[in-house]
**Q** 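I'd like to ask you about the structure that follows.
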Amino acid sequence: MLMLQETYKTIGKVIEEKTGVTDAQLIDGGEHADLATTIAFTLAKQKKQAPALIAKDLAAELVKDPALTGITVEAKGPYINFIFGAAYVSEAVKAAVKPGYGSFPKKGIRVVLEHTSANPNGPLHVGHIRNSIIGDTLARVFRKAGYGLEVQYYVNDMGRQIAMVVWGFENLDSTQWEGEKEDAHIARVYIAANREIEKDPTITQQVNILMQLVEHGDPATAKKFRREVSRCLDGFKVTMKNLNVAHDRFVWESDFIRNGFTDRIIAKLKKLPQARDEDTLALDLSEFGFENKYVIRRSDGTSVYAARDLAFHAWKAANFDRVIDVLGADHKLIAAQLQCTLKLIGEKAPEIVHFEFVSLPEGSMSTRTGKFVSADDLITEIRKRAFDEVTIRRPELDEETRKSIAKSVGLAAIRYDIVKVTPEKSTVFDWKEALDFERQSGPYIQYAHARACSILEKAGTFAECYELETDQEIALAKQIAKFPSVIEKIVAELHPHILATYSRELADTFNTFYHFEQVLKSEGKIRDRRLTLVRAVQNTLKEALETLGIDAISTM
RNA sequence: GGGCUUGUGGCUUAGCUUGGACAUAGCGCCGGGCUUCUAACCCGGAUGUCGGGGGUUCGAAUCCCCCCAGGCCCGCCA
């Protein structure tokens with residue numbers, strides 16, 4: 001299954017045996033080799049010999065080692081290169097043609113992953129869906145890696161924003177327009193309420209009263225809050241379904257007041273030496289480098305967001321082996337305070353994936369002022385653009401088929417475009433780039449997959465053959481072999497963009513192979529082994545695309 | 001003011017955690033390739049002080065220090 005890692009370990013072990021150095025200093029050999037070691041530089045100092053000479057001698061030793069049979073070992077200057085042989089390549093192809101390639105056995109580890117969790121005061125915009133897509137891709141990777149996973153959406157249903165929405169519904173003209181989506185309707189009322197409050201700041205008092213009523217569990221007010229939040233979430237669910245993003249459970253913030261978890265955690269926090277129980281209850285975390293007090297309970301006795309969040313995370317920590325949150329970079333400070341506090345009370349702290357902001361060319365997005373590009377608008381536009389493109393390329397297909405392809409292509413373009421960038425980079429949303437289906441795009445990878453499908457369909461039955469010969473064949477097989485280690489790396493580093501890069505490189509390698517090697521027109525064993533390789537790459541691309549949440553369509 | 005983070009060809013971007021062989025790719029630009037398995041493709045070319053300056057090292061885009069620029073955060077909001 002994990003040949004790459006096994007080979008890596010074997011080489012490392014043999015080098016240690018021969019040199020006594022524990023770190024074999026293995027690096028990616030790039031175009032020179034599959035792996036290489038730079039250990040000669042280190043040994044040069046000890047032995048007071050030239051690195052190249054040491055490399056030559058050590059390589060001569062390594063060649064003789066039976067553990068490295070089938071691996072070509074050669075010194076090139078100070079480097080020792082390792083090139084994997086036929087056995088490695090054929091094993092890789094054999095593994096990759098099997099359904100579910102890249103999946104790991106069930107680990108029995110329970111993980112809870114929270115993502116999106118946007119405030120329900122307006123539609124998801126292109127910033128929110130960066131969270132959704134990073135989160136959903138991670139979820140798919142974790143499932144593939146064999147973890148038991150529950151994906152949660154934390155519903156902030158007690159916030160000031162929601163109180164503003166409820167106030168707007170009670171005091172402003174708020175009839176839903178014909179055909180208006182629920183979340184867009186909520187946003188319209190929210191934006192209007194904000195305008196009113198700017199004109200008349202005394203409205204703040206009325207909003208405060210609503211918030212207090214909810215905190216104290218007033219049934220009528222709670223019902224109003226719940227109704228609007230639910231409607232907004234219904235809108236979110238439509239958007240997320242269009243993005244192929246799913247949650248297993250929606251967890252409501254207010255439940256942590258009702259079930260007493262928040263009171264319980266406050267009682268626990270009170271006993272900490274860092275607690276300052278004056279008119280407010282706050283923690284002094286200055287010994288951990290946090291300057292400001294971490295307020296848990298207001299002077300009027302009500303809880304703040306932080307308290308509910310602590311209760312929520314303590315609950316997750318108690319029920320899962322690993323807790324992961326996907327959060328915007330604006331949450332970095334409060335998330336660090338949360339982690340610190342959970343450790344103080346002996347609970348496991350969440351691992352957090354922070355992603356930087358998405359802004360518009362004219363500045364940052366804001367639901368409050370209505371300055372945002374909604375995910376729904378993006379989806380509509382991209383499907384239109386994809387439909388036009390499909391119609392140009394495949395005019396012979398009926399409209400239903402073209403629509404279906406356009407839907408998949410649009411989804412691929414959006415998801416890939418967002419996931420391909422490392423989370424720690426802030427980005428500017430650009431319509432032109434979002435609507436581009438060329439290289440370094442989701443559709444490009446889908447196209448490579450469809451191409452492989454087309455060849456396989458025309459080929460009919462063939463006998464699988466795993467002995468590859470040409471440089472192009474071997475390069476492709478070696479790229480295919482890396483897939484499982486990519487899954488493992490993402491689980492370790494929580495960086496889903498690695499999968500985007502890998503998938504694109506695999507598609508590149510396949511396209512190059514495609515243009516230099518005939519498949520269907522070759523004959524006999526050559527045809528069999530190339531078809532086997534095409535099946536392997538098709539299956540790997542399919543698994544990679546599906547892990548990216550993109551449809552692996554067979555024609556486009 | 002303090003903290004976090006980013007800065008790689010005209011634009012976008014990988015590599016940085018674990019330092020090594022000519023820095024990854026795309027867009028755009030120049031030149032080629034469809035009677036041949038899907039041209040949403042492929043091949044070749046030009047374009048780089050890896051923000052700037054110091055340091056560590058045989059070796060730095062990668063590690064350390066300082067500086068500059070952008071983003072984010074610093075509430076009895078969520």
Side-chain angles (χ1 to χ4, degrees), chain A residues 23 25-33 36-38 40-42 44-45 51 76-79 81 119 121 156 158-163 211 253 279-282 289-293 295-300 302-306 308-309 328-334 336 354 356-357 359 364 386 389-390 392-394 409 412-413 420-422 424-428 430 432-433 436-448 450-459 492-493 495 497-498 500-501 504-505 507-508 511-512 514-522 530-531 534 555-556:
Chain A
D23 177 12
Q25 297 176 38
L26 289 170
I27 59 165
D28 185 350
E31 65 199 80
H32 308 278
T37 176
T38 57
F41 288 112
T42 315
K45 237 182 272 176
K76 195 143 200 189
Y79 301 93
N81 289 335
N119 280 329
N121 58 342
N156 303 124
M158 301 185 66
R160 174 165 295 272
Q161 288 99 324
I162 311 312
M211 288 177 71
E253 181 183 0
D279 56 330
T280 65
L281 174 66
F290 298 101
E291 287 178 24
N292 298 339
K293 277 188 183 169
V295 176
I296 303 298
R297 194 197 57 214
R298 297 191 185 90
S299 52
D300 65 5
T302 59
S303 64
V304 294
Y305 174 82
R308 274 110 62 183
D309 207 18
D330 53 336
H331 287 69
K332 273 187 183 178
L333 177 61
I334 55 165
H354 286 291
E356 287 289 339
F357 269 48
S359 58
S364 38
E389 193 69 33
V390 176
I392 292 166
R393 291 168 192 279
R394 305 293 300 275
V409 166
K420 74 180 178 190
V421 183
T422 181
E424 46 259 11
K425 223 159 200 163
S426 55
T427 62
V428 178
D430 178 31
K432 191 172 160 277
E433 223 169 277
D436 182 15
F437 302 146
E438 292 195 321
R439 278 187 84 170
Q440 295 210 340
S441 76
Y444 168 80
I445 301 164
Q446 282 179 310
Y447 190 75
R451 200 175 233 177
C453 286
S454 173
I455 293 173
L456 291 170
E457 202 194 331
K458 287 182 179 150
E493 299 180 11
H495 275 165
H497 75 282
I498 296 169
T501 306
R504 197 256 307 153
E505 283 171 352
D508 284 346
N511 280 332
T512 305
Y514 174 88
H515 282 275
F516 285 100
E517 310 277 34
Q518 295 283 341
V519 179
L520 293 176
K521 287 185 177 160
S522 52
R530 288 189 182 162
L531 279 169
V534 171
T555 183
M556 63 188 281

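Only a predicted model underlies this, so the values are computations on that prediction, with no experimental measurement involved. Lettering follows sequence order; numbering is per chain, from 1.
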**Q** Remember a base hit wins even if backbone is also touched, and classify A/S359 as base, sugar-phosphate or nothing at under 4.0 Å, heavy atoms.
**A**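 The residue A/S359 makes no contact with any strand.
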**Q** What heavy-atom pair brings A/A386 and A/F437 nearest, and what distance separates the two atoms?
**A**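 Closest heavy-atom pair between A/A386 and A/F437: CA-CE1, 3.6 Å.
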**Q** Checking A/T512 now: which residues fulfil side chain to side chain donor-acceptor pair (under 3.5 Å) with it, not counting sequence neighbours?
**A**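 So A/T512 forms no side chain to side chain donor-acceptor pair (under 3.5 Å) with any residue.
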**Q** If you compare all heavy atoms of A/N81 against all heavy atoms of A/K76, which two are closest, and at what distance to 0.1 Å?
**A**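 Closest pair (atom of A/N81, atom of A/K76, distance): ND2-CB, 3.8 Å.
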**Q** Taking atom P in both B/U17 and B/A61, what distance in whole Å separates the two?
**A**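 Here B/U17 and B/A61 have their P atoms 13 Å from each other.
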**Q** Is the phosphate of B/U38 approached by A/K458 (side-chain N or O, under 4.0 Å from OP1 or OP2)?
**A**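 Yes, A/K458 has a side-chain N/O under 4.0 Å of OP1/OP2 on B/U38.
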**Q** Rounded to the nearest angstrom, tell me the gap between atom CD in A/E505 and atom P in B/C41.
**A**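 Value for this atom pair: 17 Å.
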**Q** Below 3.5 Å, does any donor atom in the side chain of A/D300 face an acceptor in the base of B/C76, or the other way round?
**A**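 Result: no qualifying N/O pair found.
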**Q** For a quick check of understanding: with a heavy-atom distance under 4.0 Å over all strands, which category does A/V295 fall into, base, sugar-phosphate or nothing?
**A**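 The residue A/V295 makes sugar-phosphate contact but no base contact.
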**Q** Quick one: is A/Y305 getting a side-chain N or O under 4.0 Å of the B/C76 phosphate, OP1 or OP2?
**A**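 No, no such contact exists.
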**Q** Nearest whole Å is fine: how far is B/C76 P from A/L281 CG?
**A**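 Atom-to-atom, A/L281 to B/C76, this comes out as 13 Å.
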**Q** Using a heavy-atom cut-off of 4.0 Å across all strands, would you classify A/I334 as base, sugar-phosphate, or nothing?
**A**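 If one applies the 4.0 Å heavy-atom cut-off, A/I334 turns out to touch a base.
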**Q** Quickly work out the A/M556 CE to B/A39 P distance and round it to whole Å.
**A**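 For the pair A/M556 CE and B/A39 P, the rounded distance is 12 Å.
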**Q** A/R160 has an atom CZ; how far is it from atom P of B/C76, in whole Å?
**A**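 Computing the A/R160:CZ to B/C76:P distance gives 13 Å.
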**Q** Roughly how many Å is it from CG in A/N511 to P in B/C42, rounded to a whole number?
**A**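 Between P of B/C42 and CG of A/N511: 5 Å.
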**Q** How close or far is atom C1' of B/A21 from atom CG of A/N81, stated in whole angstroms?
**A**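 That distance rounds to 9 Å.
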**Q** Considering only B/C41, B/A14, B/C77, which nucleotide approaches the side chain of A/H515 most closely?
**A**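 Nearest listed nucleotide: B/C41.
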**Q** Spell out protein contact along nucleotides 56-61 of chain B as letters: B when the base is contacted, S when just the sugar-phosphate is, - when no protein heavy atom is under 4.0 Å; keep the 5' to 3' order.
**A** --B---
**Q** According to side chain to side chain donor-acceptor pair (under 3.5 Å), who are the partners of A/R160, at least two apart in sequence or on a separate chain?
**A**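 Testing A/R160 for side chain to side chain donor-acceptor pair (under 3.5 Å), a comparison that skips the adjacent residues, returns A/N208.
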**Q** On a heavy-atom basis, which atom in A/P51 and which in A/A44 lie closest, and how many Å separate them?
**A**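 Nearest heavy atoms, A/P51 then A/A44: CG-CB, 3.8 Å.
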**Q** Using atom P of each nucleotide, how far apart are B/C66 and B/G1 to the nearest Å?
**A**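 My reading of the P atoms in B/C66 and B/G1 gives 16 Å.
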**Q** Using a heavy-atom cut-off of 4.0 Å across all strands, would you classify A/E517 as base, sugar-phosphate, or nothing?
**A**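 The residue A/E517 makes base contact.
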**Q** Can you check the distance between B/C67 and B/C74, where both ends of the measurement are the P atom (answer in whole Å)?
**A**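 Roughly 24 Å separates the two P atoms.
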**Q** Could you give the CD-to-C1' distance, from A/E291 to B/G3, as a whole number of Å?
**A**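 So the two atoms are 7 Å apart, to the nearest Å.
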**Q** What does B/G31 pair with, Watson-Crick or G-U, if both distances are under 3.5 Å?
**A**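 Pairing partner: B/C43.
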**Q** So what's B/U49 paired with, Watson-Crick or G-U wobble, going by both distances under 3.5 Å?
**A**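 With both distances under 3.5 Å required, B/U49 matches none.
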**Q** With rounding to the closest Å, how many angstrom separate the P atoms on B/G48 and B/C11?
**A**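 Roughly 13 Å separates the two P atoms.
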**Q** List for me each residue that meets side chain to side chain donor-acceptor pair (under 3.5 Å) alongside A/D508, sequence neighbours excluded, and say none if there are none.
**A**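 Scan of A/D508 (side chain to side chain donor-acceptor pair (under 3.5 Å), adjacent residues dropped) gives A/R439, A/Y444, A/R504.
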**Q** For A/N119 and A/Q161, which heavy atoms make the closest approach, and how far apart are they?
**A**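 For A/N119 and A/Q161, the tightest heavy-atom pair comes out as ND2-NE2, 3.2 Å.
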**Q** Looking at the base of B/C37, is there any donor atom on it, or on the side chain of A/S454, that sits under 3.5 Å from an acceptor on the other one?
**A**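 Under the 3.5 Å cut-off, the side chain and the base do not form any donor-acceptor pair.
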**Q** Mind checking if A/V409 touches a base, just sugar-phosphate, or nothing, with heavy atoms under 4.0 Å?
**A**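 If one applies the 4.0 Å heavy-atom cut-off, A/V409 turns out to touch a base.
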**Q** Whether the side chain of A/N121 and the base of B/A78 hold a donor-acceptor pair under 3.5 Å is what I'd like checked.
**A**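 Flag unset: no donor-acceptor pair detected.
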**Q** With a 4.0 Å limit, can you tell me whether A/K425 has a side-chain N or O closer than that to the phosphate oxygens OP1/OP2 of B/A14?
**A**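 For A/K425, the contact criterion (side-chain N or O under 4.0 Å from OP1 or OP2 of B/A14) is met.
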**Q** Under 3.5 Å, side chain of A/R394 to main-chain N/O of A/M556, donor-acceptor pair present?
**A**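 A pair under 3.5 Å: yes.
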**Q** Measure NZ/A/K332 against C1'/B/G3 and give the value in whole Å, please.
**A**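 One finds 11 Å between C1' of B/G3 and NZ of A/K332, rounded.
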**Q** Given that A/E433 and A/K293 both sit by RNA chain B, which one's nearest nucleotide is further toward the 5' end?
**A**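 In this pair, the answer is A/E433.
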**Q** Quote, to the nearest angstrom, the P distance that separates B/G32 from B/G70.
**A**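 Going atom to atom, P in each nucleotide, I get 44 Å.
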**Q** Using the rule given for side-chain contact (heavy atoms from CB on, under 4.5 Å), can you reason through A/Y514 versus A/V534, listing the C-alpha separation, both sets of side-chain angles and the distance that settles it, and then say yes or no?
**A** CA-CA 9 Å; A/Y514 174 88; A/V534 171; over 6 Å; no
**Q** Mind checking side chain to side chain donor-acceptor pair (under 3.5 Å) for A/T38 and listing every partner two or more places apart, or none if nothing turns up?
**A**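 Partners of A/T38 by the side chain to side chain donor-acceptor pair (under 3.5 Å) criterion, ordered by chain and then number, come out as A/Q25.
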**Q** How would you label the contact of A/D279 with the nucleic acid (heavy atoms, under 4.0 Å): base, sugar-phosphate, or nothing?
**A**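 Touches a base.
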**Q** Using Watson-Crick or G-U wobble geometry with both distances under 3.5 Å, which nucleotide pairs with B/G1?
**A**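 Check on B/G1: paired to B/C74, both distances under 3.5 Å.
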**Q** From B/U5, B/C42, B/U36, pick the nucleotide closest to the side chain of A/E424?
**A**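 Between B/U5, B/C42, B/U36, the one nearest the side chain of A/E424 would be B/U5.
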**Q** So, does A/R451 get its side chain near the phosphate of B/A39, meaning an N or O under 4.0 Å from OP1 or OP2?
**A**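 For A/R451, the contact criterion (side-chain N or O under 4.0 Å from OP1 or OP2 of B/A39) is met.
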**Q** Check whether any side-chain N or O of A/T512 sits under 4.0 Å from OP1 or OP2 of B/C43, and answer yes or no.
**A**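 True: A/T512 side-chain N/O within range (under 4.0 Å) of B/C43 OP1/OP2.
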**Q** Looking at A/I455 and A/L531, what are the two nearest heavy atoms and their distance?
**A**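 Looks like CG2-CD2, 3.9 Å.
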**Q** Is there any protein nitrogen or oxygen under 3.5 Å from a nitrogen or oxygen in nucleotides 25-27 of chain B, and what are the pairs?
**A**
unit_1, atom_1, unit_2, atom_2, d
B/A25, O2', A/Q440, NE2, 2.6
B/A25, O2', A/R504, NH1, 3.2
B/A25, N3, A/Q440, NE2, 3.3
B/G26, OP1, A/R439, NH1, 2.6
B/G26, O4', A/Q440, NE2, 3.3
B/G26, O2', A/R439, O, 3.4

**Q** Check every strand shown and say whether A/A44 touches a base, only sugar-phosphate, or nothing at a heavy-atom separation below 4.0 Å.
**A**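 Nothing, no heavy atom under 4.0 Å.
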**Q** Between B/A23 and B/U47, how far is it from one P atom to the other, in whole Å?
**A**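 Nearest-Å result for B/A23 against B/U47 at atom P: 13 Å.
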**Q** Work out how far the C1' atom of B/C37 is from that of B/G44, and round it to whole angstrom.
**A**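 Going atom to atom, C1' in each nucleotide, I get 24 Å.
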**Q** Please work out if A/A329 contacts a base, only the sugar-phosphate, or nothing of the nucleic acid, heavy-atom cut-off 4.0 Å.
**A**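 If one applies the 4.0 Å heavy-atom cut-off, A/A329 turns out to touch the sugar-phosphate alone, with no base involved.
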**Q** Measuring only the P atom in each nucleotide, how far is B/U6 from B/G59? A whole number of Å is fine.
**A**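 Taking atom P in both B/U6 and B/G59, they lie 27 Å apart.
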**Q** Starting from the 5' end of RNA chain B, give me the residue, A/S299 or A/G29, whose nearest nucleotide shows up first.
**A**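 The residue mapped nearer the 5' terminus is A/G29.
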**Q** Cut-off 3.5 Å, side chains only: do A/R308 and A/N156 have a donor facing an acceptor?
**A**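 Result is no, nothing qualifies.
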**Q** Considering only B/U17, B/C72, B/U38, which nucleotide approaches the side chain of A/T555 most closely?
**A**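 My answer, after comparing the listed nucleotides, is B/U38.
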**Q** When you measure from the side chain of A/E356, which nucleotide among B/C22, B/C72, B/A14 comes out closest?
**A**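 So the side chain of A/E356 is nearest to B/C72.
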**Q** Taking all heavy atoms of A/R530 and all of A/E517, pick out the closest pair and write down the distance.
**A**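 Reported closest heavy-atom pair: NH2-OE1, 3.1 Å.
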**Q** Give a yes/no answer on whether the side chain of A/H497 brings an N or O atom under 4.0 Å of OP1 or OP2 in B/G15.
**A**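 Indeed, a polar side-chain atom of A/H497 lies that close.
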**Q** Answer yes or no: is there a donor N or O on one side and an acceptor on the other, between the side chain of A/R298 and the main chain of A/S303, under 3.5 Å?
**A**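 Between the backbone of A/S303 and the side chain of A/R298 there is a qualifying donor-acceptor contact (under 3.5 Å).
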